[in-house]
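Treat the numbers as computed from the prediction; the structure is a model and nothing was measured.
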Amino acid sequence: MDRINVSTLLLAVLGMPAFVVPTTATAGDYRDQALAMVKRDFQAKGSAGLDRLEEDGLQSVCNRTGNHPPKEIAARLEQDQLASIEMPADGNLMGDWKAGEKLAQSGRGFTWTDKPGLPVGGNCYNCHRISPSETSFGTVGPSLYQFGKLRGKGPEVQQYVYQKIFNAKAFNVCSEMPRFGHIGALKEAQIKDLVALLLADDSPVNSK
Amino acid sequence: MNIRLILAALAGSALAGSAMAQTSPSEDFQKFRDVMEEDNPAELFEARGEEYWKTPRGPKNASLEQCDLGLGPGVVNGAYVQMPRYFADVDQVMDAERRVVHCMVTLQGLAFEEVTKQPFSNDKGTPDHVSVVTYIAGQSRDMKIAPPQNHPKERETYEIGKEIFGFRAGPYDFSCSTCHGADGRRIRMQDLPNLTKPEGAAKGIIGWPGYRMTGGFMLTSQWRMTDCFRQQRFPQPKYLSDTITAILAYQAVNARGQVYRGPGIKR
Amino acid sequence: MADPMKIRATLKGDTVEVRVLMAHNMETGARKDSSGGLIPAHFIQTVNATHNGKLVFAAQWGTAIAKNPFLQFKFKGGAKGDKLQLSWTDNKNDSRTDEATIA
Amino acid sequence: MNPSRRQALKAGGSLGLFSALVALGLVKPGDAWAEAWNKGAFDAKSTADALAALGANAPTMVGEIAITAPDIAENGAVVPVGAVSNLPGTTQIAYLIEKNPSTVAAVFDIPPGTLPEVQTRVKMGQTSNVMILVKADGKYYAAQKEVKVTVGGCGG
């Protein structure tokens with residue numbers, strides 16, 4: 001992400017008269033105290049270094065605004081995130097749904113008890129219903145069952161799904177979904193496999 | 001008493017057990033968790049903790065009976081549900097586990113590093129301070145959660161805890177709130193209580209310390225918070241740090257008025 | 001020495017309901033420690049309950065009983081205030097005997 | 001003197017209780033004690049071997065034995081299993097877990113005056129049938145129920 005760009009935006013956020021800090025007048029003080037406390041109290045462990053406590057620009061905006069930045073700011077940030085998405089050079093977005101299903105099942109990666117580095121899991125079932133045969137699914141995100149049936153599988157839908165997985169914040173700046181491609185957690189081929197899981201005709205997601 | 005009702009029903013019929021009515025997995029889990037709670041092995045650790053509390057040991061050969069958990073030296077009854085709280089002797093807000101370790105250090109003369117060498121239970125067993133916390137928690141069974149908010153530092157700790165609760169960072173942009181900031185959420189089959197509301201916040205407190213069926217040991221709120229940060233993909237919070245106390249204070253204050261049911265049972 | 005058992009013996013009608021928790025690791029002998037070595041089996045093999053000198057319940061256990069075992073049984077002929085003795089012995093010949101009063 | 005009695009007395013000796021009971025005449029040397037630990041049964045690696053070791057080669061499957069166990073166990077480390085026998089003259093109840101490394105989990109003796117019902121918690125390595133074997137009037141009967149064991153939880 002372009003840090004300078006974001007800092008400028010941040011200044012704009014904080015300087016805007018329409019911008020209202022969501023809690024009390026002292027909320028800023030508590031935030032500062034909280035950040036100082038967190039920096040004092042955490043220690044690096046495994047692959048989880050202290051650098052993870054440094055907010056990037058987008059996180060900072062979401063944190064300062066209770067995940068509801070002013071519309072104009074949100075739109076600018078979303079544009080930035082969208083522009084930073086790298087689309088596959090070959091233009092093909094549909095991979096292997098079976099590999100996608102396997103990836104969707106795994107929640108491994110990036111914790112201090114996980115093996116450092118890649119590959120990491122897609123974490124999809126942690127939050128979404130996907131294939132009907134997997135009954136152990138989370139509900140933090142919407143159900144994706146029948147996604148292709150309901151939304152089609154044309155080029156626009158394929159592009160949207162690829163982009164959403166690559167960087168969910170391009171569509172909703174403070175979305176709770178991680179930016180899997182943006183942070184380099186999932187590689188191009190893996191994201192394609194997940195696109196296929198949601199859209200392929202023969203994927204169990206679209207069965208019946 | 002579920003199991004006895006079912007047994008009675010089955011005993012009265014010619015049906016074999018396999019003919020039991022089908023229920024959803026989560027209902028089934030809850031049912032058997034309730035059964036487990038009736039005879040929770042956590043009680044064994046309460047007993048062990050009580051014995052530790054009352055037995056002199058350490059370089060000062062002292063028991064913990066002079067330990068002040070906020071209601072005066074030696075008062076254990078109801079102390080757990082009134083923490084975290086401000087302690088003037090240290091000019092700090094402390095949660096139960098932090099206070100217990102503090103007492104072991106100051107009263108018994110044990111070295112902090114020694115007591116906290118194994119902060120959490122594992123396959124090797126449940127450390128003494130964890131049994132003591134379990135004992136103290138058991139002495140607040142069926143009492144209302146009522147952490148004080150009178151001292152400025154108690155209010156400040158709550159507000160800081162609230163900020164940390166919403167603090168998004170790390171590779172996945174997760175905060176505590178990502179999982180625990182709304183109603184009706186689940187990770188896989190695991191219910192995620194909404195810790196911003198009294199009922200949800202109480203769910204985050206009730207059942208801790210918990211007897212972990214896998215491994216058969218006790219885990220405390222300190223452990224729970226630490227493991228949440230792990231799953232959040234954060235670095236590791238230091239044991240008994242201000243950050244954990246602040247998060248626990250945020251939850252406890254949000255849960256005020258809810259009834260604590262004593263040490264629980266965990267998967 | 002092993003921790004005491006937690007025994008609840010309650011008279012309900014003419015039946016005494018006994019519920020017991022025992023502190024024991026119930027090692028199966030199949031688990032490995034952090035260095036990869038097998039942890040030797042260590043488990044309760046027999047449990048006996050006596051009331052007024054009469055055996056009212058006896059169990060033989062294998063390694064499949066869960067850690068920190070729970071046991072519930074019922075017998076007739078007990079009265080409030082009566083004593084009930086429970087004892088267990090494990091495969092290393094460790095043992096523990098505790099007494100409870102029927103309530 | 002059988003081994004379990006010897007062990008019991010040894011335990012009593014160290015704790016004083018049993019010797020005290022014997023001294024008070026509450027426990028008489030001739031009292032019937034539980035059978036010795038049945039090594040052969042607990043070593044059995046299959047249901048057939050276990051039944052043979054328990055002397056119950058072909059138990060009759062009956063409806064008079066109620067099993068309380070979860071359809072799906074949240075955790076194989078602790079699975080509550082209860083059994084009630086409605087067969088007159090029940091003297092023994094045994095738990096057999098087909099897919100466990102050792103099939104026999106427990107054998108309970110039910111002396112006269114004790115109700116033919118018991119509850120305990122078992123470990124299950126995987127989804128398996130749980131068989132409850134009952135000895136009543138010298139004959140063997142059984143019932144069984146499948147318990148699914150999940151590997152739940154999130155991957156984090």
Which region of C:M26, side chain (C-beta onward) or backbone (N, CA, C, O), has a non-hydrogen atom less than 4.5 Å from a non-hydrogen atom of chain B, or is it both or neither?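 For C:M26, neither part sits under 4.5 Å from chain B.
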Portion of C:P69 that has a non-hydrogen atom of chain B nearer than 4.5 angstrom: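 It is neither, since no heavy atom gets under 4.5 Å.
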Counting heavy-atom pairs closer than 4.5 Å to chain C, which one of B:R48, B:K124, B:M213 comes out on top?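 If we count pairs closer than 4.5 Å to chain C, B:R48 comes out on top.
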In terms of the angle between their ring planes, are B:Y80 and B:Y260 parallel, tilted or perpendicular, with boundaries placed at 30° and 60°?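 Tilted: the ring planes of B:Y80 and B:Y260 meet at 30° to 60°.
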Relative to each other, are the rings of C:F57 and C:F73 parallel, tilted or perpendicular (30° and 60° limits)?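 Correct class here is parallel.
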For B:R141, side chain to side chain donor-acceptor pair (under 3.5 Å) partners two or more places apart: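 Result, side chain to side chain donor-acceptor pair (under 3.5 Å) vs B:R141: B:E46.
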So which residue, C:I39, C:L21, C:N25, C:D33, ends up with the most heavy-atom pairs under 4.5 Å with chain B?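 That would be C:L21.
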Under the side-chain contact (heavy atoms from CB on, under 4.5 Å) rule, what do B:N77 and B:M143 come out as? Steps first, then yes or no, please. CA-CA 10 Å; B:N77 206 21; B:M143 295 185 193; 3.2 Å; yes
